[in-house]
Amino acid sequence: MNVVIIGGVAGGMSAATRLRRLDESARITIVERSGYVSFANCGLPYHVGGVIERRDALLLQTPASLAARFRLDVRVGHEAIRIDRDRRLVTVRDLATGAQEDLPYDALILSPGASPVRPPIPGIERALSLRNVEDTDAMVAAARVARTAVVIGGGFIGLEMAENLVHRGIATTIVEATDQVMAPLDPEMVEPVHRRIRKAGAALHLGAAVTAIGEDDVTLSTGELIPADLVVASIGVRPETGLAKATGLAIGPRGGIAIDGEFRTSDPHIFAVGDAVEKRDGLDGSEALIPLANTANRQGRFVADVIAGRPGTDRGVNGTAIVGIFGLQVATTGWNEKRLRAAGRPYLAIHTHPGSHAGYYPGAGGMALKLLVDPETDRILGAQGVGTSGVDKRIDVIATAMAGGLTAGDLADLELAYAPQFSSAKDPVNMLGYVALNARSGLTPTIQWHELAAAMDAGATLVDVRDPGEHRHGAIPGSMLIPVNELRDRLDEVPKGPVVIHCAVGVRGHTAARILRQLGWDDVRNLDGGYTTWAAGTSRHFHRPRLEQTG
Ligand code: FAD
């Protein structure tokens, strides 16, 4: 069997090596346009920053090592320029010599990835984008002499680049056209990220677009001029579909190569995986563009199984992702609240602010977690986490729960590893499950930060059950202070009408709400995530929140 693979990095190389392990006799040829295969694209920003010092650490394999171990015919510096579907031939051009060759295939796998978006801004040719090793070399050379840099785009690659440029001592400005970085996060979850970026010394311009790139500066839509010896364009990526389109393969509604559940394109002999294809959304089955390494690698392995006659089940994708931003871990899976609201899907949101591990054990960091749940079925719809440590573990557990079809209530009863240096006896994931159960059963109904003002306008009394010191440090306008320990003695101060309770993060609020509900108040809600979430969500209108509290 002749198998040709176009693209020799994440999806392509994963397919090639898996196929070899399944089929010793297949002739497997990999065509890669750049000068390198199987390089660590996710590590590239850290080489620019000098965190990964050795360039060759990024080069995981070479054509020679792949030939020796897997008997793969790897052609770097070769571009696939044409596919003849009738004769099942791929025409390949050697980019050094211009020589062309036709490679026959029984199965062809496309894994050409995604290319950086380059908007038509005047001067865009001076902006560098990061996709492969050659780009990295250019970026390292530019960073060596740059004193100032502008990163256009606050997505995960842009933020990784900004962190690494700051790490190199370059005065760096991030310019993001929307009002937040990291689009997968909801607004109240992203606030600590904005603060961390600024605290780390990078300038952050939100709601401003770059309108022109000059010789040593950029102009913003606000009219500001920002010095920029180096300009990085990280505005997003789009599926690389040129060859697929030219070949007449079907393209899906999101602009990626259309595939079926076994990664077959509209031509049964041609398969496609990775950033170039439209995936199936894990929640609603709709077409999704999710350019992530784990997905590309899994799909590469899967397609090799299909070609070798061992089909499996494609679960769809939830877009589980994590990024480190100036010491913060930011992780997401599934849908966010913005998307659920836009789709008109009912949901329950839960915010918690646990410690990464037991507070009495040194080194615990705070985190904000958010869980989105279907109020009818209790299905987990998505989760987000931001914090200094332990976020990765929690989001991965939730992503696993989603894949396994566990409900939000099931999280309460998960048996998770515990010792004080790693977690709490009630892990933050268990706690999310408790809140979900309490809200779902009606034990303690909650109210969201963005619903509070309307509830107060409609006559609800807001009771702050924190300590006076906390209240002095920052309070929600219109709240009355009754610390939880005094509540039973001061019941006469609480009107019998609708009451909203809040504390710092929701834990004492839950206790106070239970006291009132058991003593005859039947319309009591706990402010979900407490003052901390409210302050983060409203900080653009009020004042800077304090997010890393524990109580
Ligand atoms: P790629 O790995 O991009 O491989 C496609 C290859 O195909 C390219 O090398 C290209 O040269 C080649 N090609 C295209 N067309 C042709 C042609 N006609 N002929 C020959 N060759 C061709 N994802 C994460 O999950 N976590 C991360 O931390 C992360 N960090 C990233 C950091 C950076 C800087 C970048 C660029 C990406 C990062 N990603 C990350 C995304 C991840 O790298 C991609 O999702 C993944 O590599 C996609 O795999 P792929 O096989 O679809 O495409």
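In each ligand, atom 1 is the first atom listed, and ligand 1 is the first ligand listed. Quantities reported herein were computed from a predicted structural model and do not represent experimental measurements.
With 3.5 Å as the limit, one finds no donor-acceptor pair spanning the side chains of Thr178 and Gln180. A donor and an acceptor atom, one from each side chain of Arg168 and Asn164, are nowhere located under 3.5 Å apart.
Protein heavy atom closest to atom 41 (C) of ligand 1, with residue, atom name and distance, is Pro291 O, 3.9 Å. The shortest contact between atom 36 (C) of ligand 1 and any protein heavy atom is with Leu130 O, 3.4 Å. Considering only non-hydrogen protein atoms, atom 17 (C) of ligand 1 sits nearest to Ile6 CG2, 3.6 Å. The protein atom (non-hydrogen) at minimum distance from atom 53 (O) of ligand 1 is Gly113 CA, 3.2 Å. Regarding atom 44 (C) of ligand 1, its nearest protein heavy-atom neighbour is Asp275 OD2, 3.3 Å. For atom 21 (N) of ligand 1, the nearest non-hydrogen atom of the protein is Arg33 N, 3.0 Å. Of the protein's heavy atoms, Gly7 CA, 3.2 Å lies nearest to atom 7 (O) of ligand 1.
Of the listed options Cys42, Pro239, Pro116, Cys42 places a heavy atom closest to atom 27 (C) of ligand 1. Nearest to atom 43 (O) of ligand 1 by heavy-atom distance, out of Thr295, Asn41, Leu95, is Asn41. Considering only non-hydrogen atoms, atom 8 (C) of ligand 1 lies nearest to Glu32 out of Glu32, Glu160, His78, Met13. Ranked by closest heavy atom to atom 24 (C) of ligand 1, the top entry among Ala40, Ser234, Ala293, Ser115 is Ala293.
You'll find the side chain of Val391 stays beyond 4.5 Å of the side chain of Val386, heavy atoms only. At a threshold of 4.5 Å between non-hydrogen side-chain atoms, the residues Leu220 and Val210 count as touching. Annotation: side chain of Glu188 is in contact with side chain of Glu337 (closest heavy-atom distance under 4.5 Å). Counting only heavy atoms from C-beta outward, the side chains of Val90 and Val31 never approach each other to under 4.5 Å.
Per-residue contacts place Glu240 under 4.0 angstrom from the following atoms of ligand 1 (heavy atoms of the residue considered): 14 (C), 15 (N). Interface atoms of ligand 1 facing Leu292, defined by a heavy-atom separation under 4.0 Å, are 23 (N), 24 (C), 25 (O), 45 (O). Annotation for ligand 1: atoms under 4.0 Å from non-hydrogen atoms of Gly274 are 52 (O). Atoms of ligand 1 lying under 4.0 Å from at least one heavy atom of Gly11, given by number and element, are 49 (O), 50 (P), 51 (O). Of all the atoms in ligand 1, the ones that sit under 4.0 Å from a non-hydrogen atom of Ala10 are 2 (O), 46 (C), 47 (O), 49 (O), 51 (O). Of all the atoms in ligand 1, the ones that sit under 4.0 Å from a non-hydrogen atom of Ala296 are 48 (C), 49 (O). For ligand 1 and Val9, the ligand atoms under 4.0 Å from any heavy atom of the residue are 1 (P), 2 (O), 4 (O), 9 (O).
In terms of heavy atoms, Ile322 sits closest to Gln329 at CD1-CB, 4.4 Å. Closest non-hydrogen pair, Met139 versus Val232, comes out as SD-CG2, 3.9 Å.
Remark: Ser38 engages Met13, Leu60, Gln61 in a side-chain contact (heavy atoms from CB on, under 4.5 Å) (not counting sequence neighbours).
Using a 4.0 Å heavy-atom cutoff, Ile157 is listed among the residues neighbouring ligand 1. Residue contacts with ligand 1: Ala321 is excluded, as none of its non-hydrogen atoms falls under 4.0 Å. Ligand 1 lies nowhere less than 4.0 angstrom from a heavy atom belonging to Tyr36.
At a 3.5 angstrom cut-off on N or O pairs, Ala80 counts as close to ligand 1. The shortest N or O to N or O distance between Phe156 and ligand 1 is not under 3.5 Å. For ligand 1, the polar-atom distance check finds an N/O of Ser111 within less than 3.5 Å of one of the ligand's N/O atoms.
The CZ atom of Arg21 lies 4.0 Å from the CZ atom of Phe70; values are rounded to the nearest 0.5 Å.
Not one N or O on the side chain of Asn41 forms a donor-acceptor pair closer than 3.5 Å with the backbone of Asn132.
With respect to Asp137 and Arg55, a salt bridge is recorded, a charged nitrogen being found less than 4.0 Å from a carboxylate O. Between Arg339 and Asp281 there is a salt bridge, with a side-chain nitrogen of the basic residue lying less than 4.0 Å from a carboxylate oxygen of the acidic one. With respect to the salt-bridge test (charged N to carboxylate O, under 4.0 angstrom), the residues Arg394 and Asp427 qualify.
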